[in-house]
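Just so you know, these numbers use all the heavy atoms, side chains as well, and skip hydrogens, waters and symmetry mates. Only a predicted model underlies this, so the values are computations on that prediction, with no experimental measurement involved. Letters A, B, ... are given to chains in the order of the sequence lines, protein chains preceding strands, and every chain is numbered from 1.
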Number of protein chains: 2
Amino acid sequence: MTVTLADVAARAQVSPATVSRVLNGNYPVAAATRERVLRAVDDLEYVLNGPASSLAAATSDLVGILVNDIADPFFGIMASAVQSEITGPGGRAGGERMAVVCNTGGSPERELTYLTLLQRQRAAAVVVTGGAIEDAPHAAAIGGKLRRLGEAGSQVVLCGRPPADEAPDAVALTFDNRGGGRRLTDHLIGLGHRRIGYIAGPTERTTTRHRLEGHQEALAAAGVPDDPRLTLHGPYDRRSGYDATLELLRRAPELTAVVAANDTVALGACAALRDRGLTIPDDVSVAGFDDLPFSIDAVPALTTVRLPLYEAGARAGRIAMGREEEPPGGIATVHGELMVRGSTGAPRRA
Amino acid sequence: MTVTLADVAARAQVSPATVSRVLNGNYPVAAATRERVLRAVDDLEYVLNGPASSLAAATSDLVGILVNDIADPFFGIMASAVQSEITGPGGRAGGERMAVVCNTGGSPERELTYLTLLQRQRAAAVVVTGGAIEDAPHAAAIGGKLRRLGEAGSQVVLCGRPPADEAPDAVALTFDNRGGGRRLTDHLIGLGHRRIGYIAGPTERTTTRHRLEGHQEALAAAGVPDDPRLTLHGPYDRRSGYDATLELLRRAPELTAVVAANDTVALGACAALRDRGLTIPDDVSVAGFDDLPFSIDAVPALTTVRLPLYEAGARAGRIAMGREEEPPGGIATVHGELMVRGSTGAPRRA
DNA sequence: CCATGCGTAGCAAGCGCTTTCTATTGGGGA
DNA sequence: TCCCCAATAGAAAGCGCTTGCTACGCATGG
């Protein structure tokens, strides 16, 4: 039925061992023999049996990339970068690693499922992107899984996620969300804003918490009171930004600025302000986070914190492949850059 | 070193066969025995060896999703939809299928590589998204690979790609790019536009060609001459839209509308027009394609053709899982909907 | 009281490949 | 001329799991 190594061997008049060696290319095989084998492979349209090969060799060429939401460019960009470092530029068939991205949808159960599946497949490496859930049992479960993955020989790299206590040998490339949040609000305060709404991401996520803490830090440093009614939580989507902005306007019509958890949320905020007849930034300034590609095309262009998503992903990919040295202590912080654009300005209604 | 089935069997005082059956759950095992086995699994932190299991069972639970560019929401949305139908909502560990997305970067070689890799892994199904390359050798190579995948037992579904002659048993969910392009330009002509620039995608891609053909069809139907100098090709990115728009303006300053290959390109076009001091839509109308989430947030909101990406992806996923009947003849066309918004209007400078 | 059958569990033969160890060769140095 | 070694190919033992078939035991029915 299906063609096996033995069939190829028979046709090439050599032993299965020789065919295997030709295919793996890590053992001397005479040119003529190799030639003959390769022709047999072609003639028979032979395709290696992956499971059999992984079983015998006790290794696999799978690299898993976990993302929270594959439809969100934030993750898409990182995944694409990781992947570009895993798969060679040419994308050759032989001896290549195969990068697969797994969409957890932000669900800790699915995150765990995928990690188990990756462990089952004896993945060569696993890159986990995006913030972590702060629920203790889940964090412990996932941390434990990451540790076991590491022990089983998979290189584990966290990208845009704080280090996990339970998995000390995982490399972590952490985004400086707190610092970015701090600088963003500093900027707004510097412009003269005092009543600043904050639309945070979902609770219980490290990213959400860190960005919010940066914001609060800036308020505190400037002696601006932190009115808890001006902070709202919601998912990282446009809708959340829209609704929250309306609610903020209701709660505090005197608001002069809105900081959003990320650019997508900020876009929703802009839409809500426009629908209310308010001008950006004259009536209300808006700021985002991440600097996704579309942010520069918003009108006015969005002030935001640029995270080097592609660069960080690429670095994570290289570390996963063992092509770049791990940072000292296995931890590196990736900083964001404040991008001041048209969506923020001095408050008019001060 | 690593825990195997045999270790679990020993600890539970049963045979390996029984452990296997408990884990796969498709054979009667007494409750007490099952209990004992499960405890042993837990105690030992046993994780099934995927390759071994796939080898023995001659099947795998992998489902591959091929995308051209994972950082592009067009693909992200489809991938996310496919995946949501593959993985159960809960994301349970046992007996689940694992959806993996493979980023081809639009390179035919890498597309082929991934297909081979999936064939190696004996993937249960493969969903290929996005337009195909029209280069004959590549098309034949990929078509042949798809056919062989099908013959090897993988369910092959094309989503947003025309059927491949070489792979007759692959199900194809095709987007009506030609019809969408036609309606878009019809709309513009109806508004009174006669000098319409067209920023097409990369040459040699079915999507590019079909959308462009729709545009030309509309021009012809209205008796508007098709000036070839008004059609430019470029990649599906913002930069391309920006540059091409400047070039179009240079070639034909009297231009009153620009149709872009997709929304991302359209955003670039808008930016270029703004930078040139032109107003949308009073000076120049702009239209996109796809209706990606950010399109509604452009200012003015983008007129575009809405493609039901999520729905199509979900359907592809269900078909891949055998949970939905294949369309008659294995082919279904998915239509787009014209979304008229603020970025198009009657020409002022007519 | 023995034959029949159902409900469980075990045996053992692979699944298709990798890899260690061993065999065979031809050629050069002593 | 002979011996030894480098270069190359083969034999065979698994890798860890699944599954068809067999074996066992107990309850039932004739």
Legend entry - Nearest listed nucleotide, side chain of A:Asn24, among C:dT18, C:dA9, D:dT19: C:dT18

Legend entry - Check: A:Thr113/A:Thr116 side-chain N/O donor and acceptor closer than 3.5 Å: no

Legend entry - Donor/acceptor link under 3.5 angstrom from B:Arg21 side chain onto base of C:dG10: yes

Inset, instruction - May I ask you to verify if any side-chain N or O of A:Thr18 is less than 4.0 angstrom from the OP1 or OP2 atom of D:dA9? - result: no

Inset, instruction - Give a yes/no answer on whether the side chain of B:Thr33 brings an N or O atom under 4.0 Å of OP1 or OP2 in C:dA9. - result: yes

Inset, instruction - In whole angstrom, give the distance that lies between atom CG of B:Asn26 and atom C1' of C:dT8. - result: 15 Å

Inset, instruction - Go through residues 45-59 of chain A and report each residue with a non-hydrogen atom lying under 4.0 Å from DNA chain D, sorted by number. - result: A:Leu55, A:Ala56

Inset, instruction - State whether a side-chain donor-acceptor pair under 3.5 Å links B:Ser20 with B:Tyr27. - result: no

Inset, instruction - Please evaluate the base of C:dG16 for a donor-acceptor partner in the side chain of B:Arg120 within a cut-off of under 3.5 Å? - result: no

Legend entry - B:Arg122 side chain vs B:Thr59 backbone, donor-acceptor pair below 3.5 Å: no

Legend entry - Pair B:Thr104, B:Ser107: side-chain N/O donor-acceptor within cut-off below 3.5 Å: no

Inset, instruction - Nearest whole angstrom, please: distance from the C1' of C:dC17 to the CG of A:Asp61. - result: 14 Å

Legend entry - SB check B:Glu166 B:Arg147 (cutoff 4.0 Å): no

Legend entry - Side chain of A:Thr4 - closest among C:dC17, D:dT8, D:dG16: C:dC17

Inset, instruction - May I have the distance from B:Arg122 (atom CZ) to C:dC15 (atom C1'), rounded to whole angstrom? - result: 11 Å

Inset, instruction - Please state how far atom CG in A:Leu5 lies from atom P in C:dT19, giving the value in whole angstrom units. - result: 12 Å

Inset, instruction - Measure from the side-chain N and O atoms of A:Arg97 to the backbone N and O of A:Met321, and report whether any donor-acceptor pair falls under 3.5 Å. - result: no

Legend entry - Nucleotide of C:dG10, D:dG10, D:dT8 approaching B:Ala17 most closely (side-chain heavy atoms): C:dG10

Legend entry - base_contact_polar (C:dT8 base, B:Arg36 side chain, donor-acceptor, <3.5 Å): no

Legend entry - Polar side-chain contact A:Tyr27-D:dA9 base: donor and acceptor under 3.5 Å: yes

Inset, instruction - Could you state the atom-to-atom distance from CG of B:Leu23 to P of D:dT19 in whole Å? - result: 13 Å

Inset, instruction - State which of C:dG10, D:dT19, C:dT19 makes the closest approach to the side chain of A:Ser20. - result: C:dT19

Inset, instruction - For the pair B:Arg120 (side chain) and A:Leu48 (backbone), establish whether a donor and an acceptor sit closer than 3.5 Å, ignoring hydrogens and angles. - result: no

